[in-house]
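Reading through the structure tokens given below for one structure.
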Amino acid sequence: MNDYRPDPDSLLAAIRRDEARQQRGRLKIFFGMAAGVGKTYAMLQAAQARRTEGSDAVVGWVETHGRAETEFLLAGLEQLPKQQLEYRGAVLEEMDLDAILARSPQLVLVDELAHTNAPGARHLKRYQDVLELLDAGIDVYTTVNVQHFESRVDAVRQITGITVHEKVPDSLLDLADEIELIDLPPDALRKRLAEGKVYTAERVEVAANNFFRTGNLTALREMALRLTAEHVDHKLQDYMQAKRIAGPWKSGDRLMVAVSPSPFSEEVIRWTRRMAYTLEAPWFAAFIETSAGLSEAQRELLAQNLELVRRLGGEVVTAAGEDIVEGVLRLAQQRNATQIVVGKPLQTRFEDWRRGGSLVDRLIRAGSDIDIYVVSGDKAKHRTPLRAPFSLPQFQSTWRDYAGAAIAIGCVTFSLLAAHSVWPWISYQAVGLIELLAVLLVAVYLGRGPALLAALLSAISWNFLFIQPRFTFAISALEDIILFLFYFIIALFAGTLTARLRTRERQAQYNADRTTALYTLAHETATAANMDDVLRTAVEQIGQVFAADVAILLTEQEKLSHTVHPASTLAVNDQEFGVASWVFDNNKPAGRFTATLPQAAAQFRPLSTPSRRVGVVGIRPQQTGRLTFDQEVLLETFTSQVALVIERELLDEAAQESVVLRESERLYTTLLNSISHELRTPLATVTGAASSLLDENTVLTDQSRSELIGEIQSAADRLNRLVENLLDMSRLDAGRLQLKLEWCDIGDVIGVALRTLRNVLGKRPVQVTVAPDTPLIMLDFVLMEQVLVNLLDNVGAYTPADSSLEIVVMVEKNWVRIDLADHGPGVPTDALARIFDKFYRVPGTLAGGTGLGLSICRGLVEAHGGTLTAHNRDGGGMVFSIRLPSSAAPPPVQEAIL
């Protein structure tokens with residue numbers, strides 16, 4: 001399994017990288033009232049001025065339309081090659097975004113900001129290319145006409161009668177560091193049009209009689225001037241705030257626009273954005289989700305409306321409820337909205353009466369402390385709306401449901417007719433009650449529309465077949481007429497109410513399932529033991545809730561890993577990985593059903609937290625259409641939750657690494673201090689003895705000379721044991737210790753160790769007892785000798801010089817046990833559990849030693865498959881017990897052939 005944990009040292013670098021990405025390039029917009037005013041010319045003039053100042057300026061895309069004076073200004077500017085895209089047998093040219101990013105100039109010129117890119121380009125719109133260039137730290141000069149700004153589209157259509165399809169969000173105005181209005185009087189622009197400087201000759205007359213009429217140009221010019229004035233006023237307000245200059249400040253206004261799945265909502269949203277910009281006030285959109293479902297077309301339109309809100313810089317807020325007015329006012333109070341914007345109702349007075357009153361009237365009456373703005377729309381554009389704003393829910397039953405309702409009523413009617421012929425005493429009142437029960441059952445199981453059909457059919461059949469006179473629609477008795485009318489009304493209302501309760505039940509179940517899914521994801525990821533479990537749980541939960549294939553890619557060395565997590569169910573090829581890399585670099589969704597790289601088979605979303613990006617998640621739902629708005633919100637919540645849990649795991653791992661580093665530093669310091677002390681003592685002995693031997697003025701006898709040489713030898717042995725301990729510890733920690741196993745007599749090992757430490761043990765009486773049945777065992781003779789040497793050296797250092805020492809070798813089942821017992825002071829009980837730890841020294845003992853000896857002994861014994869333990873003796877002293885396996889039988893002894 002691959003290790004998906006990133007380098008902990010990259011955490012700080014990743015945070016700094018994200019901070020560096022926030023250093024955007026500068027944006028300057030050249031705009032005017034219409035084509036032909038000279039925007040491209042002015043942009044090229046400004047670029048030439050920047051080039052003269054020494055800036056690295058290149059041309060990403062410029063349309064000269066064959067004008068000689070414009071082409072002249074391209075001289076000296078590097079023009080980057082264009083991207084060739086094949087579409088429906090034709091080769092189309094577009095701006096090469098990747099070439100610009102690779103070239104990384106200081107300034108790039110991008111003409112026609114509102115242009116729609118050809119299929120196959122990374123982004124659907126050119127302004128998205130500009131945003132990516134700005135994120136890369138590249139300055140951009142661009143051009144656009146005033147009619148292309150999203151919030152001005154409706155006004156332009158009303159003025160000119162032309163619908164503008166290529167639009168840019170008004171949020172680009174907020175991003176612009178500078179805007180420059182290229183103004184030209186309408187008569188002068190019409191003159192340029194007549195001279196062929198705007199369009200070709202065959203288009204001049206058509207344009208002059210339509211879009212380029214003097215009245216249209218005058219209105220567009222006023223719009224451009226107002227937009228420029230508003231932008232300058234905002235800049236002035238920002239400057240006054242930054243410099244603390246007294247004057248008018250931003251008001252406390254906050255606008256809320258009510259959105260529904262209606263085409264008219266687009267105009268209301270744009271009007272709200274313009275008003276918010278003028279008032280310098282925040283704004284958001286509210287959608288009230290009722291129990292009635294939406295058709296596929298309505299869901300698509302609602303998603304487009306809410307996407308328009310986000311594109312224009314607004315926030316989307318949703319709430320559930322049956323009363324639209326109550327839901328809107330509740331959100332307004334919760335979000336402190338001071339103005340509510342709604343569309344002008346398109347229903348008739350009868351429809352308003354049927355719905356309990358006009359929405360606007362009810363809002364005005366209920367929201368007395370909130371201003372209500374009613375925006376009128378273009379009725380001609382919306383003659384056949386998908387659904388009028390805030391209208392009653394439409395029926396979502398299929399034709400099979402209606403057919404089922406008709407069949408059910410037919411079966412019940414004919415059954416009652418047959419029963420009535422057999423038992424004439426069954427009255428028509430009883431038949432009516434049974435029919436009413438059938439209507440209620442249809443409402444419960446088939447929905448509101450089929451219930452209304454069932455009520456109508458049952459009323460007709462009841463009248464025709466059972467009410468006197470039978471087999472006619474005439475009713476003779478007054479009480480029967482009243483009964484029939486009330487039956488129909490009761491069936492109608494009962495069926496409607498029952499269906500509404502059923503719908504609310506389904507909505508409540510849906511909300512409960514959504515809450516359960518969020519809780520399950522949070523609980524499962526919170527209790528996951530490690531990163532792999534977190535990612536496996538995330539893939540399972542997202543896949544189950546959205547019925548989709550899921551892939552998760554994490555960071556590795558500050559970059560997005562090319563390898564997906566093994567639990568992923570979505571395969572990511574090189575093309576899909578390119579989409580995921582763009583999402584990670586730009587921290588924006590891309591792929592299927594988005595405006596960036598929509599040709600991808602899956603949709604990719606960044607796994608980001610407020611502090612950093614931790615990866616990318618890819619999702620490919622099994623359904624053919626796009627996710628609903630609720631699913632989009634739920635998926636965004638899921639990805640946020642997963643990102644937070646992944647960051648938590650990474651921070652935990654970083655914290656653990658930090659603890660390990662601190663412990664390593666502590667051990668390093670302890671080891672350095674211990675080694676320096678251990679080296680200093682024998683080196684001092686060697687230096688002193690060698691100085692005495694080399695001093696010509698010192699008279700040495702043979703005995704003193706031998707003693708000095710013995711001291712040098714003892715110090716050298718001590719240094720050699722220290723070096724061996726350090727080497728063994730490093731091999732044990734690295735797992736590179738290689739045992740040279742051979743059949744050995746444990747008594748020989750003990751004898752060699754005692755001879756090695758005869759000077760250290762001094763005159764201590766040593767008693768060695770080896771059981772007669774002790775077998776040969778497989779071990780590394782040198783390493784086991786070192787174990788015994790370390791243990792004996794420990795006894796020599798911490799027991800009295802005249803205390804005895806016993807070594808007992810005994811045989812247990814499949815084991816050979818070696819007990820090394822002394823008569824020293826022993827070890828405190830609370831310290832017994834730690835004496836085999838690295839660098840641990842029993843409190844109160846004499847200074848000396850590295851604290852590695854016993855730890856190395858246990859490691860070497862365990863490398864042989866044995867155990868090393870210690871305990872205090874009842875009569876005083878300690879016992880070290882070594883248990884070594886002896887299950888294998890030694891090979892037979894072969895006699896030498898003479």
Side-chain angles (χ1 to χ4, degrees), residues 664-734 737 751-764 766 781-803 805 820 822 824-825 835-857 859-860:
S664 299
E665 292 178 358
R666 187 188 68 80
L667 295 179
Y668 172 79
T669 303
T670 303
L671 177 63
L672 184 61
N673 294 336
S674 300
I675 291 177
S676 63
H677 177 78
E678 283 296 295
L679 290 176
R680 189 178 294 113
T681 301
L683 286 176
T685 302
V686 171
T687 302
S691 298
S692 299
L693 289 174
L694 294 174
D695 190 357
E696 298 177 355
N697 297 324
T698 303
V699 180
L700 299 174
T701 63
D702 292 340
Q703 181 179 358
S704 59
R705 185 181 298 276
S706 298
E707 291 176 353
L708 291 174
I709 294 175
E711 291 178 0
I712 293 175
Q713 182 64 44
S714 177
D717 292 340
R718 186 172 178 180
L719 288 173
N720 184 57
R721 287 196 298 275
L722 175 63
V723 173
E724 288 180 350
N725 284 340
L726 293 174
L727 292 176
D728 289 339
M729 180 54 64
S730 64
R731 288 196 292 265
L732 285 172
D733 289 342
L737 183 67
V752 172
L754 290 173
R755 285 194 298 273
T756 301
L757 288 182
R758 57 181 178 272
N759 294 331
V760 175
L761 297 177
K763 297 181 179 181
R764 291 179 178 80
V766 180
F781 191 99
V782 176
L783 295 181
M784 192 53 60
E785 174 197 351
Q786 184 176 346
V787 170
L788 294 175
V789 167
N790 282 342
L791 293 177
L792 293 173
D793 186 43
N794 189 77
V795 170
Y798 298 107
T799 61
D802 56 351
S803 62
L805 175 65
L820 193 153
D822 61 52
I835 62 173
F836 293 104
D837 294 344
K838 296 178 184 178
F839 307 113
Y840 179 76
R841 298 177 57 82
V842 177
T845 57
L846 297 176
T850 60
L852 292 175
L854 295 181
S855 178
I856 293 173
C857 290
L860 294 177

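Residue indices begin at 1 and follow the sequence shown.
- Nearest heavy atoms, Leu761 versus Leu792: CD2-O, 3.9 Å.
- Put simply, CD1 on Ile712 and OG1 on Thr687 are 9.0 Å apart, with the number rounded to the nearest 0.5 Å.
- Here the closest heavy-atom approach between residue Val789 and residue Leu757 is recorded as O-CD1, 3.0 Å.
- Between Leu791 and Val787 the shortest side-chain heavy-atom distance falls below 4.5 Å.
- A distance of 9.5 Å separates CG in Leu820 from CG in Asn794, rounded to the nearest 0.5 Å.
- Partners of Arg755 under the side chain to side chain contact (heavy atoms under 4.5 Å, CB included) rule, at least two apart in sequence or in another chain, are Val752, Arg758.
- The side chain to side chain contact (heavy atoms under 4.5 Å, CB included) search around Ser803 returns Arg764, Thr799, Pro800, His823, not counting sequence neighbours.
- Note that OG1 of Thr756 and CG of Asp793 are 11.0 Å apart. Values are rounded to the nearest 0.5 Å.
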